[in-house]
Amino acid sequence: MKLRFSRKTLGIPYAVFLLFFVIIPMLVIVFYAFTDQNMHLSFGNFVAFFSDGTKLSTMVYSIVIAIVTTAITLLIAYPVAYILARSKLKKKHVLLLLFITPMWINFILRVNAIRELLSAIQLLGEANYFNTVLGMVYDFLPFMILPLYTTMLKIDGTLYEASADLGGNAFTAFFRVTLPLSTPGILSGITMVFLPSMTNYVVSDMLGNSKVTIIGKFIETYFGTDWHMGSMIALILLIIVMVSTLLSGGFRAEENVRGTSL
C-alpha cells in the first residue's frame, strides 16, 4: 500500500504541538484566572488587580522600562544595521557576527558580566533603573539589529541610483527610500524587544538588587503562592502583548521591501 502525504498530513505534528503546548495551557490559565480558591467562577481576581495600586504601578513601570529599552535599542541598532547593510566591506559579515556572538553565550552569564562591570564602577546599588535598562539593552540589542539588517539588505540598490539621478541627496535617499522600506524591520525589532522587556525579571533582579520589580516578577511570585491571581496577571499581560503586536503590525503579512509600492 502506497502512503500519500499531503500538506494536511504534514501539519498534524504542528497541530498536536499547538494543542498540548499552546491551547491547553492557555485554557488552564483562563480557568484559573476566572475562578477563586474553591474553583468557583469569579471575577474577583480581575477586580483585585485593577483596585491594587501596587500592581497597577508595577505594570506602568514595566511598560515604561520596555518603552525606554526599545527606544534606546532602536537608536543604537538602526545606524549599525544601516552601515552594515550599505557597506561594501568584504568582512562586514564578521562585524555582524560580533553583535550576534553574545546571543550564543548563556543569558545568566551575560547578565553576571554586566553585574560585575557595574559593581566595579560602583553603580550596582544606586542607579537601579539605569542598570535594568542597560542590561536589557545589552541583551536585546542583537534582536533589533538582525531584522533591521536583513530588511535593509533586501532593498534594491537601483532605488538609490534612481534617487541620485533625480537629484536627490543622501538625506533624501534615506528619508524617501531607506526609512520607509525598512519599516517592516523596525516593527519586527520593536516587537522582539518590547515584549520580552516587560517580563524579563532576571535582569531587574540581578542588576537592580531586587529593588526593581516588573510585572514578570509578580507573575513568578504569585504562581508560587496563588495560581489564580498569577493566571489573571499573565492573562492581562497577554492581552497587552496582543494589542501592542496588533498596533505595531505584527499580525500583518510582510510586504515586499524591494520598492514596488513606492
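No hydrogens, no waters, no symmetry mates; every other heavy atom, side chains included, goes into these values.
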Please determine whether residues [X] and [Y] belong to a single hydrophobic cluster, defined as Ile, Leu, Val, Met, Phe, Trp and Tyr linked transitively by side-chain heavy-atom distances below 4.5 Å.
X    : Y    : answer
F140 : L117 : no
L98  : I100 : yes
L18  : M26  : no
L179 : L153 : yes
I233 : V47  : no

Shortest non-hydrogen contact between [X] and [Y], atoms and distance:
X    : Y    : result
F107 : N200 : CZ-ND2, 3.2 Å
V193 : M144 : CG2-CE, 3.9 Å
A81  : L148 : CB-CB, 3.6 Å
M136 : I65  : SD-CG2, 4.0 Å
L207 : G135 : CD1-CA, 3.5 Å
L75  : P79  : O-CD, 3.0 Å

Pairs flagged by salt bridge (Lys or Arg N to Asp or Glu O under 4.0 Å) wherever residues 45-55 is involved - sequence neighbours left out
D52-K55

State whether the number of non-hydrogen atoms from other residues, nucleotides or ligands found under 6.0 Å of F223 atom CZ is greater than 12.
yes

Quick one: pull up [atom1] in [X] and [atom2] in [Y] and give me the separation to the nearest 0.5 Å.
X    : Y    : atom1 : atom2 : value
F99  : L97  : CZ    : CG    : 11.0 Å
L141 : I72  : CG    : CD1   : 11.0 Å
I215 : L237 : CD1   : CG    : 6.5 Å
T172 : N169 : OG1   : CG    : 3.5 Å
F50  : N45  : CZ    : CG    : 12.0 Å
Y78  : I76  : OH    : CD1   : 15.5 Å

With a 4.5 Å limit on heavy-atom distance, are the side chains of T54 and F218 in contact?
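Yes, close enough: below the 4.5 Å cut-off.
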
Can you find a pair of side-chain heavy atoms, one from L181 and one from T151, that are under 4.5 Å apart?
no

Run the side chain to side chain contact (heavy atoms under 4.5 Å, CB included) check on M59 and I236 step by step: do they pass?
CA-CA 10 Å; M59 179 68 77; I236 292 173; 4.1 Å; yes

Give every donor-acceptor pair under 3.5 Å between a side-chain atom in residues 29-38 and any protein atom, sequence neighbours left out.
unit_1, atom_1, unit_2, atom_2, d
T35, OG1, F31, O, 2.8
T35, OG1, Y32, O, 3.4
T35, OG1, H228, ND1, 3.2
D36, OD1, N38, N, 2.9
D36, OD1, M39, N, 3.1
D36, OD1, H40, N, 2.8
Q37, NE2, D226, OD1, 3.2

Step-by-step side chain to side chain contact (heavy atoms under 4.5 Å, CB included) determination, F46 to L235
CA-CA 10 Å; F46 183 83; L235 187 61; over 6 Å; no

Going through the distances and angles, do T199 and I214 end up as a side chain to side chain contact (heavy atoms under 4.5 Å, CB included)?
CA-CA 7 Å; T199 58; I214 62 176; 5.7 Å; no

Is a donor on one side and an acceptor on the other found under 3.5 Å between the side chain of S188 and the backbone of G185?
no

Just by distance, do the side chain of T221 and the backbone of K217 share a donor-acceptor pair under 3.5 Å?
yes

